Visitor: 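Here it is: the structure, laid out below.
Note that the structure is predicted; figures quoted are calculated from it, not measured. Along the sequence shown, residues carry numbers from 1.
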Amino acid sequence: MQTNILGTNLEICCTSPMTGFYRDGVCRTSPEDTSKHTVCAVLTKEFLVFSKEQGNDLTTPVPQYGFPGLKEGDKWCLCALRWKEAYEAGCAPKIIAEATSNATIAFIPKEVLLEYKI
């Protein structure tokens, strides 16, 4: 079992909409998850616009993949490097530390993540 950035058991991020690399609601990772979907974020309009501008449209539904499209306030397992990119651009969303994988610390300093903890 993976731990979160607080060192305790990794909690569920969200099941509605269903998130995570494995679509099990958990921001866990493995070698197959090359993008490292490890940050449990509470999405903001600002972040969603930023992500779309970077070529990753999270707002448009893709029914053939069971993707409903996301909106402000949704919780979602973001790729660690995308969250870092948003942080560097000044628009990173808040995170749920209990549901953010400890694997994220390989890409983003723990102190930075804790600044964004809800």
Visitor: Other residues, nucleotides and ligands only: do more than 12 of their heavy atoms fall within 6.0 Å of CG on L6?
Guide: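 Atom CG in L6 is packed in, count exceeds 12.
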Visitor: Extract all donor-acceptor atom pairs below 3.5 Å that involve side chains of residues 87-108 and protein atoms in other chains or at least two apart in sequence.
Guide:
residue	atom	partner	partner atom	Å
T100	OG1	C40	N	3.1
T100	OG1	I96	O	2.9
S101	OG	Q2	OE1	3.2
S101	OG	A103	N	3.1
T104	OG1	T38	O	3.3
T104	OG1	T38	OG1	2.7
T104	OG1	S101	O	2.8

Visitor: Got a second to check how far L81's CG is from S35's OG, nearest 0.5 Å?
Guide: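 Nearest 0.5 Å value for the CG-OG distance: 8.5 Å.
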Visitor: Can you check whether P17 reaches L70 side chain to side chain, under 4.5 Å on heavy atoms?
Guide: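 Side chain of P17 against side chain of L70, heavy atoms only: contact under 4.5 Å found.
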Visitor: Would E115 and L113 satisfy side chain to side chain contact (heavy atoms under 4.5 Å, CB included), going step by step from the backbone distance to the final call?
Guide: CA-CA 5 Å; E115 288 176 25; L113 293 166; over 6 Å; no
Visitor: Main chain of N9, side chain of N4: is a donor-acceptor contact present, judged purely on distance under 3.5 Å?
Guide: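 Yes; at least one donor-acceptor contact below 3.5 Å.
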Visitor: Output side-chain donor-acceptor pairs under 3.5 Å for residues 18-27, partner residues at least two apart or in another chain, one line each.
Guide:
residue	atom	partner	partner atom	Å
T19	OG1	C77	N	2.8
Y22	OH	S30	OG	2.3
Y22	OH	E32	OE1	3.2
R23	NH1	G20	O	2.8
D24	OD1	V26	N	3.0
D24	OD2	R28	NE	2.7
D24	OD2	R28	NH2	2.9

Visitor: Apply side chain to side chain contact (heavy atoms under 4.5 Å, CB included) to the pair L78 and L43, showing each step before the final yes or no.
Guide: CA-CA 9 Å; L78 295 178; L43 303 178; 4.1 Å; yes
Visitor: For the residue pair F47 and L58, establish whether any side-chain heavy-atom pair is separated by less than 4.5 Å.
Guide: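 Of all side-chain heavy-atom pairs linking L58 with F47, at least one is under 4.5 Å.
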Visitor: Please find out if less than 6.0 Å separates the ring center of F50 from that of W83.
Guide: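 Distance test on ring centres: not under 6.0 Å, no.
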Visitor: Just so I know, are the side chains of L48 and T59 near enough to count as touching, which here means a heavy-atom distance under 4.5 Å?
Guide: yes
Visitor: Would you call D33 and K36 a salt bridge, using N to O less than 4.0 angstrom?
Guide: no
Visitor: Rounded to the nearest 0.5 Å, how far does CD of E85 lie from CG of N56?
Guide: 9.5 Å
Visitor: In Å and rounded to the nearest 0.5 Å, what is the CD1 to NZ distance from I12 to K75?
Guide: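 With rounding to 0.5 Å, CD1 (I12) is 10.5 Å from NZ (K75).
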Visitor: Go through the steps to decide whether T3 and L10 satisfy the test side chain to side chain contact (heavy atoms under 4.5 Å, CB included), and finish with yes or no.
Guide: CA-CA 5 Å; T3 59; L10 186 61; 5.9 Å; no
